[in-house]
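To start, the structure itself, in structure tokens.
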2 protein chains.
Amino acid sequence: MNVMNASPRRKELTRLAAQLFVQEGFDRTTVRMLAQEMGIKSGSLFHHFRDKQEILAAVIEEGTENALVIAKEALSRCDSSASSRLHAMARAHLETLLTDRNAHVVALYEWRRLDSEARAHLGHLRDAYESLWEEVIDDALAAGLVHGDRFLVSRFVMGALNWTVRWYDPDGTRTPDELADELVVMITRSASTR
Amino acid sequence: MNVMNASPRRKELTRLAAQLFVQEGFDRTTVRMLAQEMGIKSGSLFHHFRDKQEILAAVIEEGTENALVIAKEALSRCDSSASSRLHAMARAHLETLLTDRNAHVVALYEWRRLDSEARAHLGHLRDAYESLWEEVIDDALAAGLVHGDRFLVSRFVMGALNWTVRWYDPDGTRTPDELADELVVMITRSASTR
DNA sequence: GGGTCAACCAAGCAAGCGCTAGTGTAAATG
DNA sequence: CATTTACACTAGCGCTTGCTTGGTTGACCC
């Protein structure tokens with residue numbers, strides 16, 4: 001078994017698992033289906049993962065870590081105005097949601113299938129990400145760009161963005177960046193400069 | 001078997017099933033668990049429902065029909081100003097989400113477990129509900145209350161509201177009506193009169 | 001008072017489930 | 001060369017799953 005998540009083979013298996021979990025749901029995805037998709041027999045799966053739950057945890061961990069990295073980079077790359085930071089965060093959020101779509105859909109839909117230790121560990125990762133959002137919202141509130149309660153606004157915004165996985169069509173005419181900007185337009189009072 | 005959904009016994013079974021589906025998820029809820037919760041043996045379940053999927057469809061149908069009724073009533077009860085209608089719709093949405101919470105959580109999380117015919121039927125119900133929202137958003141846009149694209153705004157708003165099932169605490173200090181009003185404040189330009 | 005019918009039960013089948021045990025093998029390591 | 005390691009295989013155990021079958025019960029009806 002391979003405890004490190006860094007093994008390249010394991011990374012690839014995790015990616016394939018994410019796709020199957022999205023298509024079928026975690027419970028309906030059998031270890032035999034996973035193995036076939038990976039081109040091995042079902043028994044061999046347990047050389048890479050302790051059990052089925054660990055595959056789920058690996059999928060979600062990948063996605064959440066990527067989201068954190070992308071958001072932090074985006075924030076560090078833009079100037080410090082509240083408006084810029086708000087745009088950058090919204091764009092980063094949708095970029096992750098799109099490029100790592102499978103992993104995030106799994107995280108949103110199958111969170112409750114995690115056992116308690118995995119949930120605790122991944123919960124911290126998620127909290128770190130969400131507190132990034134709350135900082136950005138705080139700045140926007142202080143700048144008078146947005147009105148309302150800090151907690152509520154960040155929840156509403158994340159809800160609106162996460163909901164996009166249910167209707168967004170990557171082959172459509174709108175880019176994720178346009179989507180993000182439209183959301184910012186909707187919630188901001190004054191014309192916002194990028 | 002009882003094809004009508006109106007049988008009182010069936011209604012009660014549907015309510016209990018919704019609760020279990022929320023607690024455990026559809027796939028992990030066995031017919032034996034359902035039967036026990038209902039105080040009967042697992043075989044007897046199939047006197048009321050053709051199969052397990054039909055129970056899921058019944059749960060979602062209940063919730064969606066209720067949502068439609070509540071929203072229509074709310075809209076017919078308020079005056080015709082864009083602002084009033086926006087407030088009324090948001091409040092109705094959260095009221096349904098709260099009082100019929102189990103059914104709606106199931107609808108949001110387990111939609112993909114429906115077979116294709118059930119999905120087609122319930123899809124129409126959902127579309128009817130969503131077009132109510134789009135009308136209200138249209139009015140708000142025309143009145144200059146909200147800025148942006150009609151399709152995007154309605155999606156963002158529904159996303160923000162539906163996301164509440166993941167974090168809202170009914171025992172907390174905020175009422176659903178306050179939540180709805182806060183959302184309207186966030187997305188509207190001018191001070192909105194109720 | 002025979003007939004009807006919804007509601008339930010006991011028993012179990014066939015299929016599928018996650019996972020384990022034991023083995024083979026080719027490449028890396030000392 | 002001997003040993004270890006990574007990865008895969010075969011075979012199947014023990015259990016649970018959704019659902020079926022055949023039969024019983026009691027309330028209601030002409």
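Below, read A as the first sequence line, B as the second, and so on, with proteins coming before strands; counting in each chain starts at 1.
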OP1 or OP2 of [N] less than 4.0 angstrom from a side-chain nitrogen or oxygen of [X], does that happen here?
X       : N      : value
A:Ser44 : D:dC7  : no
B:His47 : C:dA6  : no
B:Arg9  : C:dC8  : yes
B:Lys52 : D:dG18 : yes

Starting at [atom1] of [X] and ending at [atom2] of [N], how long is that distance when rounded to a whole Å?
X       : N      : atom1 : atom2 : result
B:Gln36 : C:dC8  : CD    : P     : 15 Å
B:Phe49 : D:dG18 : CZ    : C1'   : 15 Å
B:Gln53 : D:dT17 : CD    : P     : 17 Å
A:Leu56 : C:dG18 : CG    : P     : 13 Å
B:Glu24 : D:dT17 : CD    : C1'   : 15 Å
B:Leu34 : D:dT17 : CG    : P     : 11 Å
B:Asp51 : D:dT20 : CG    : P     : 8 Å
B:Met38 : C:dC9  : CE    : C1'   : 16 Å

Query raised in the report: Parallel under 30°, tilted from 30 to 60°, perpendicular over 60°: which one fits the rings of B:Trp167 and A:Phe151?
Result: perpendicular
**Report entry** B:Arg112 to A:Tyr109, cation-pi by 6.0 Å centre distance and 45° axis angle
**Finding:** yes
Requested in this report: Identify whether NZ of Lys or CZ of Arg in B:Arg166 sits under 6.0 Å from the centre of the six-membered ring of A:Trp111 and within 45° of that ring's axis.
Outcome: no
Query raised in the report: Are the side chain of A:Thr14 and the backbone N or O of A:Arg10 linked by a donor-acceptor pair below 3.5 Å?
Result: yes
Query raised in the report: Where the side chain of A:Asn162 meets the backbone of A:Met158, is there a donor-acceptor pair that is under 3.5 Å apart?
Result: yes
Between [options], which one does the side chain of [X] approach most closely?
X       : options               : answer
B:His48 : C:dA7, D:dG18, D:dC19 : C:dA7
B:Lys41 : D:dG18, C:dA10, D:dC9 : C:dA10
A:Phe46 : C:dT20, D:dG18, C:dC8 : C:dT20

Query raised in the report: If you find the nucleotide of DNA chain C closest to A:Gly43 and the one closest to A:Arg28, which residue's nucleotide is nearer the 5' end?
Result: A:Arg28
Query raised in the report: Side chain of A:Arg32, base of C:dG16: donor and acceptor closer than 3.5 Å?
Result: no
